[in-house]
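All values below were derived from every heavy atom in this structure, side-chain atoms included, with hydrogens, water molecules and symmetry-related copies excluded.
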Amino acid sequence: MSFQPRYASSESPDPVEAVAQFAAQIGHEDVETILFFCSPDYDLEVLGRELKNTFPCPCIGCTSSGHIGTEGFQHSGLLGLGLSSGFHARAFIIHPLLEYTSVIADIAETIRRDSEERPNLYRFGLLLVDGLSMAEERLVANLYQQIGNVPLIGGSAGDDLRFEKSFIYDGDGHFISDAAVFAVIETSSPVATFKIQHFVPSDVELVITEADAEKRLIMEINGEPAAQVYAESLGLTIDELTPTVFSRNPLVLSFGDEPYVRSIQKMNDDLSLTCYCAIEEGLIVSIGKAEDPIQTFSQAFEKVHETIPNPAVIIGCDCILRRLQFEKEGLEQQIGEIMVQNRVVGFSTYGEQYNGLHVNQTFTGVAIGG
């Protein structure tokens, strides 16, 4: 039996109406799991109550900075996906985020048991985490380390670039901060996880000589004030460093042949740099060099199709910094069309998870076969 996802979206600003429209499109028969993303503008207390009262199955979701659906980028409302029979999801809430040890042990034990009972099924993990918690690195590293041979993707919840508070749905009618939901999804359909970014390492290499990983701060590069060295490596003065410069010239960390992007958020008065990801002392990074985003994106999906020839859906977590760049360069529609052609459903994130790492300016996804 081939898998047909049920798509749903509502642009209604009224939470009761939005959930009603969403439910009407998804239907109730045969839906095992709901995956959704919502605008932080909703009255989340009402939205949570309506979701709980409307759907008897698990609902997994978070607030976002925009979503991705059947028409490309959607900037507001409620959007999501119903997974039908043939799918089984277990959702684990981690709250508060720093007390994850026992929860991760329970998750690992559950996956081990399920794998023994149902060895022929495909599995992947989906992690949605409070995007303002600054806890993603430690959480995803520990989670991936303990869950064994389960590929993991995820995204950090957003709040439409306000950077005030982002929320995770707890599955029981409430939206909470300082939390994550980790869903382990089993299916008989083949799955493939992947990541896409359009930055590659340049020849300019820098050594992080002083950093505070907890605060995501780089104080010194090559033994000098971080912002000064960064600016000089681009042929700029400190005064010329802007958010646009940071987004177009992120730091890139390489593990083997794989590049991972570490974006800079801002320069501070003491010439330190605040990043969107933790970065540690002693690491060698390079300044990222941009490739053509349209070409990179198209080619990456072609590669995905080699593994999963005709995906029924791709669940995607796409960095908000990418969308901001696409908007600025007039590429939003073209990128959106590529996503539509590839049946992407997902959201604009405050950071992405891929296996054991937290990254930025990246698209992480899982393709699910038909």
Nearest atoms (heavy-atom pairs only) where Ala227 meets Met267: CB-SD, 3.5 Å
Return the OG to NE2 distance between Ser64 and His75, rounded to the nearest 0.5 Å. 10.5 Å
Gln265 side, atom CD; Leu273 side, atom CG - distance, nearest 0.5 Å: 11.0 Å
Side chains of Arg262 and Val285: closer than 4.5 Å at any heavy-atom pair? no
Under 4.5 Å between any side-chain heavy atoms of Arg6 and Ile34, yes or no? no
How about Glu281: does its CD atom have over 12 heavy atoms from other parts shown lying under 6.0 Å from it? yes
Least distance between heavy atoms, Ala89 atom then Pro58 atom: O-CG, 4.4 Å
For Arg248, is there an ion pair with Glu329 - N to carboxylate O distance below 4.0 angstrom? yes
Between Arg216 and Glu136, does the salt bridge (Lys or Arg N to Asp or Glu O under 4.0 Å) criterion hold? Intermediate values first, please. CA-CA 11 Å; Arg216 297 178 174 170; Glu136 294 102 325; 2.5 Å; yes
According to a 4.5 Å side-chain heavy-atom criterion applied to Ile, Leu, Val, Met, Phe, Trp and Tyr, with indirect links allowed, do Leu234 and Phe199 form part of one hydrophobic cluster? no
Under the criterion side chain to side chain contact (heavy atoms under 4.5 Å, CB included), which of Val103, Ile104, Leu98 is the partner of Leu139? Ile104
Crowding at CD, Glu280 (>12 non-hydrogen neighbours, <6.0 Å): no
Assess the residue pair Asp239 and Thr237 against the criterion (side-chain hydrogen bond (donor to acceptor under 3.5 Å, both in side chains)); give the C-alpha distance rounded to whole Å, side-chain angles, the decisive distance to 0.1 Å, and a yes or no. CA-CA 5 Å; Asp239 296 338; Thr237 64; 4.9 Å; no
Mind checking whether Ile314 and Phe194 have side chains closer than 4.5 Å, heavy atoms only? yes
Ion pair Arg123/Asp114, N-O distance below 4.0 Å: no
Other residues, nucleotides and ligands only: do more than 12 of their heavy atoms fall within 6.0 Å of CG on Asn149? no
How long is the span from the OG1 atom in Thr362 to the OH atom in Tyr260, to the nearest 0.5 Å? 9.5 Å
Hey, could you give me the CD/CG distance between Glu137 and Leu357, rounded to the nearest 0.5 Å? 9.5 Å
Glu337, CD: over 12 other non-hydrogen atoms inside 6.0 angstrom: yes
Using the rule that Ile, Leu, Val, Met, Phe, Trp and Tyr join whenever any side-chain heavy atoms are under 4.5 Å apart, tell me whether Leu331 and Leu324 fall into a single cluster. no
Looking only at non-hydrogen atoms, find the nearest pair between Gly351 and Asn360 and report the distance. CA-ND2, 4.0 Å
About how many Å separate NZ of Lys195 and CD of Glu352, when rounded to the nearest 0.5 Å? 10.5 Å
For residues 173-183, dump all side-chain donor-acceptor pairs below 3.5 Å to protein atoms at least two apart in sequence or in another chain.
unit_1	atom_1	unit_2	atom_2	d
Ser177	OG	Ser166	O	2.9
Asp178	OD1	Leu97	N	3.2

Regarding Tyr350 and Asp130, do their side chains bring together a donor and an acceptor under 3.5 Å, going by distance alone? no
Trace of the side-chain hydrogen bond (donor to acceptor under 3.5 Å, both in side chains) decision for Ser247 with Gln325: CA-CA 8 Å; Ser247 69; Gln325 182 196 344; over 6 Å; no
Please say yes or no: joined through hydrophobic side-chain contacts below 4.5 Å, possibly via intermediate residues, are Ile238 and Met219 part of one cluster? no
Any non-hydrogen side-chain atom of Pro311 less than 4.5 Å from a side-chain atom of His305? yes
Residue Asn53 excluded, over 12 heavy atoms near CG under 6.0 Å: yes
Determine, step by step, whether Ile335 and Ile294 satisfy the side chain to side chain contact (heavy atoms under 4.5 Å, CB included) criterion, reporting the C-alpha distance in whole Å, the side-chain angles of both residues, the deciding distance to 0.1 Å, and the verdict. CA-CA 7 Å; Ile335 293 282; Ile294 302 279; 3.9 Å; yes
Ser12 and Asp14 side chains, donor-acceptor separation under 3.5 Å: no
Carboxylate-amine/guanidinium contact Glu116 Arg112, below 4.0 Å: yes
Looking at SG of Cys275 and CG of Leu217, how far apart are the two atoms once the value is rounded to the nearest 0.5 Å? 8.0 Å
With a sphere of 6.0 Å drawn around CD of Glu45, does it hold more than 12 non-hydrogen atoms of other residues, nucleotides or ligands? no
For Phe36 together with Tyr169, are the ring centres under 6.0 Å from each other? yes
Testing Phe297, Phe347, Phe326, Tyr354 one by one against Phe363 for a ring-ring contact (aromatic ring centres under 6.0 Å, His included), which residue passes? Phe297
Determine whether Tyr42 and Thr63 make a side-chain contact, defined as any pair of heavy atoms from C-beta on separated by less than 4.5 Å. no
